[in-house]
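Pasting in a structure now, in structure tokens, and then I'll have a few things to ask.
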Amino acid sequence: MTDFDAIVIGAGAVGENVADRAVQGGLKTAIVEAELVGGECSYWACMPSKVLLRSGAVLATARTVPGAREAITGALDAAAVLRRRTEFTHDWDDDSQVEWLESAGIELIRGHAVFTGPKTLEVTAADGTVTELTAAHAVAVATGSVAVLPDIPGLKEAEPWTSREATSAASVPASLAVIGGGVVAAELATAFTALGSRVTVIARGRLLAKQEPFAGEAVADALTGAGADVRLGTQVERVETDGSRHTLHLAGGSTVVAEKILVATGRAPRTGDLGLDVLGITPGGWLATDDSMRVLGPDGQPLDGLYAAGDVTGRALLTHQGKYQARIAGDAMAARASGAPVDTAPWGVHAATADHAAVPQVVFTNPEVAAVGLTAAEAERRGIRTRVVDYELGQVAGASIHSNGYRGTARAVVDEDRRVLVGVTFVGPDVGELLHAATIAVAGEVPLERLWHAVPSYPTLSEVWLRLLETYGRPRVVAPEPDDPASSAAGSDA
Ligand SMILES: Cc1cc2nc3c(=O)[nH]c(=O)nc-3n(C[C@H](O)[C@H](O)[C@H](O)COP(=O)(O)OP(=O)(O)OC[C@H]3O[C@@H](n4cnc5c(N)ncnc54)[C@H](O)[C@@H]3O)c2cc1C
């Protein structure tokens, strides 16, 4: 039996951050990990997928810039891209992350954790050794999510890839059928097209359905332009496998033949094997939380000392957003343990308010999609009186310098009653780095009149901010000029 103040289950990016903040708050903290410290993001998701995408993106940009274009002497070196990916994943070895845990004062316990009571756990290591752990104050669940395999006849027998196998692939298949139309499907279809696979994307609806409609359209056009076959509004009804050849039968009777199948049809929470029933929670579902990241029980009330953060909550399946929740969970755990004040008011220190209003996301396709806050449709659904402002990014001076024929779109969704931005979307090459300015504007609820004073540098892509404001209309006078002679004299002195 080993006693701690706090125990975190899952040492992905999120769990690591919960534990770090708990330690910084004075809690003796253990973290339990069943696989690799660093979790999905480091080894099978964000990092390897972005490395797989980066070389193709650089090459695509170089092709559009005279002078650089002439220097291109060959095709993408897929083997070199895969080697760089393997360097980033440290060949799926977590030594460096274990060192970080040690330096942060977090105790690592390897094995699979199961609840035996509200603050007690049993951890079974790979060699069968069982350790019992007790937390005096809190347990945080950060067990992440897993890929969902749809129930399509013949699919399982085809031994499809999920994002794990795709991001850790040792070679590039000659042809790849991607089932799904979300972020993971769009990114990996872009990566493998650039790496030389003949890619077919099969999606039930449009691409990137959660983004503004023009985002998915631009990505579908670009994929098609790069040689991929994009089939939208259809679905796979069954799969036939003959050796290394898979035939996917689609609704409507057409077929797709591919050497490999990648399934990217969504994620499910990793809560099925945690023993949650001893806490009165049905295993297998997303863990609902309040904004200080306390898990809600079946009656909708927070359970004492039980927290969750990251993918497992279903709030926003993104590393940066999970780490934001983690900072809040770790700080709230420590504050409650020491009896310090806890501020759970909206935008308070211990409230993950941005999850509802200002979640940023970059989709690293080519073109990139960078969005924060609400789409126009979502803002309308929430009953906000909106005005939508669009601008063609290619018309900005910085875009014309970035590359010849730059094409892209920016959209700002304005809350007309509060005169603040509630959503911003950029689509175009390299727009990802534009996003944080938009995130600050949305999370900070910066009034439009003040945004006019945030002057973008010339000639950068950021000048699109000025163009969006000009398209919206000139600023209003918000405060009358002071008529007090004393105050104007003070102004002129300054
Ligand atoms: C292909 C792909 C690309 C992505 N790209 C991006 C991106 O570019 N940017 C971005 O922000 N997000 C991206 N994401 C999402 C991102 O990977 C996740 O949001 C993030 O990994 C979630 O972190 P987490 O710590 O909540 O979960 P995880 O990283 O899944 O960590 C959970 C950990 O808990 C452990 N665990 C589970 N159950 C137990 C148990 N019972 N006992 C002990 N340990 C347990 C697991 O082994 C795992 O290590 C991507 C996802 C995919 C699939």
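Just so you know, these numbers come straight off a predicted model, no measurement behind them. Read the numbers this way: they start at 1 and go in the same order the structure lists the ligands and their atoms.
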Numbered atoms and elements of ligand 1 in range of Arg267, under 4.0 angstrom, heavy atoms: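 Listed by number with element: 53 (C).
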
Numbering as shown, the atoms of ligand 1 that approach Leu274 to under 4.0 Å (heavy-atom distance):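 Those atoms are 41 (N).
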
Just list the side-chain donor-acceptor pairs under 3.5 Å for residues 210-220, sequence neighbours left out, or say none.
residue	atom	partner	partner atom	Å
Glu212	OE1	Arg411	NH1	2.8
Glu212	OE2	Ala376	N	2.9

Nitrogen or oxygen atoms of Glu187 and ligand 1 under 3.5 Å apart: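 N/O-N/O distance below 3.5 Å does not exist for this pair.
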
Ligand 1 versus Ala142: contacting region, heavy-atom distance under 4.0 Å: backbone

Residue, atom name and distance, where the atom is the protein heavy atom closest to atom 50 (C) of ligand 1: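 Answer, as residue, atom name and distance: Ala45 CB, 3.7 Å.
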
Residue part near ligand 1, for Glu33, under 4.0 Å between non-hydrogen atoms: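 It is both backbone and side chain that touch ligand 1.
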
Heavy-atom closest pair, residues Ala138 and Met333: CB-CG, 3.7 Å

Those atoms of ligand 1 less than 4.0 Å from some heavy atom in Leu318: 10 (C), 11 (O), 12 (N), 19 (O)

Over 12 non-hydrogen atoms of neighbours within 6.0 angstrom of CD in Glu159: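 Check fails, neighbour count at 12 or below.
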
Lys260 and Glu165 ion-paired at < 4.0 Å: no

Within-cut-off N or O pair, Trp44 and ligand 1, under 3.5 Å: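 Such a contact does not occur with ligand 1.
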
Side-chain ion pair, Asp20 and Lys323, N-O less than 4.0 Å: no

Nearest neighbour of atom 1 (C) of ligand 1 from the list Ala308, Ser163, Ala113, Ser145, on a heavy-atom basis: Ser163

Gln361 contact mode with ligand 1 (heavy-atom cut-off under 4.0 Å):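 No part of Gln361 comes within reach of ligand 1.
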
Atoms in ligand 1 with a heavy atom of Ala13 nearer than 4.0 Å: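 Answer, ordered by atom number: 25 (O).
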
Proximity to ligand 1 by part of Lys50, non-hydrogen separation under 4.0 Å: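 Looking at Lys50 and ligand 1, just side chain atoms fall under 4.0 Å.
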
Shortest reach to atom 13 (C) of ligand 1 by a heavy atom, considering only Ser49, Pro269, Cys41, Cys46: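 Nearest option to atom 13 (C) of ligand 1, by heavy atoms: Cys46.
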
Test: Lys28 and Asp5 ion pair at under 4.0 Å: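 No, Lys28 and Asp5 are not salt-bridged.
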
Ion pair check, Glu259 and Arg198, cut-off under 4.0 Å: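 Judged by the 4.0 Å cut-off on N to carboxylate O distance, Glu259 and Arg198 do not form a salt bridge.
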
Option nearest atom 25 (O) of ligand 1 (shortest heavy-atom distance, choices Val14, Val32, Leu121, Val183): Val14

Closest protein heavy atom (residue, atom, distance) for atom 44 (N) of ligand 1: Ala34 N, 3.2 Å

Carboxylate-amine/guanidinium proximity below 4.0 Å for Arg83 and Glu87: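 No.
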
Option whose closest heavy atom lies nearest to atom 43 (C) of ligand 1, chosen from Gly111, Ala191, Ser42, Ala264: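 It is Gly111 that holds the nearest heavy atom.
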
Other residues, nucleotides, ligands: >12 heavy atoms within 6.0 Å of Glu237 CD: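 Atom CD in Glu237 is crowded, with more than 12 foreign heavy atoms closer than 6.0 Å.
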
Closest to atom 37 (C) of ligand 1 among Val114, Ile9, Thr143 (heavy-atom distance):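 Minimum heavy-atom distance to atom 37 (C) of ligand 1 goes to Thr143.
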
Close N or O approach (Gly310, ligand 1; < 3.5 Å):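 Looking only at distances, the answer is no, because the N/O contact criterion of under 3.5 Å is not met.
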
Ion pair check, Asp221 and Arg407, cut-off under 4.0 Å: no

For a quick test of your reading: what N or O donor-acceptor pairs under 3.5 Å do the side chains of residues 263-271 make, sequence neighbours left out?
residue	atom	partner	partner atom	Å
Thr265	OG1	Val148	O	3.3
Arg267	NE	Ser145	OG	3.0
Arg267	NH2	Ser145	O	2.8
Arg267	NH2	Ser145	OG	3.4
Arg270	NE	Thr143	O	3.2
Arg270	NH1	Glu35	OE2	3.3
Thr271	OG1	Gly284	N	3.0
Thr271	OG1	Gly285	N	3.2
Thr271	OG1	Gly285	O	2.8

Under 4.0 Å to a heavy atom of Glu35 - the qualifying atoms of ligand 1, by number: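 In order of number, 47 (O).
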
Aromatic ring pairing Phe426/Trp465, orientation class (parallel under 30°, perpendicular over 60°, tilted between):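 Answer is perpendicular, since the angle exceeds 60°.
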
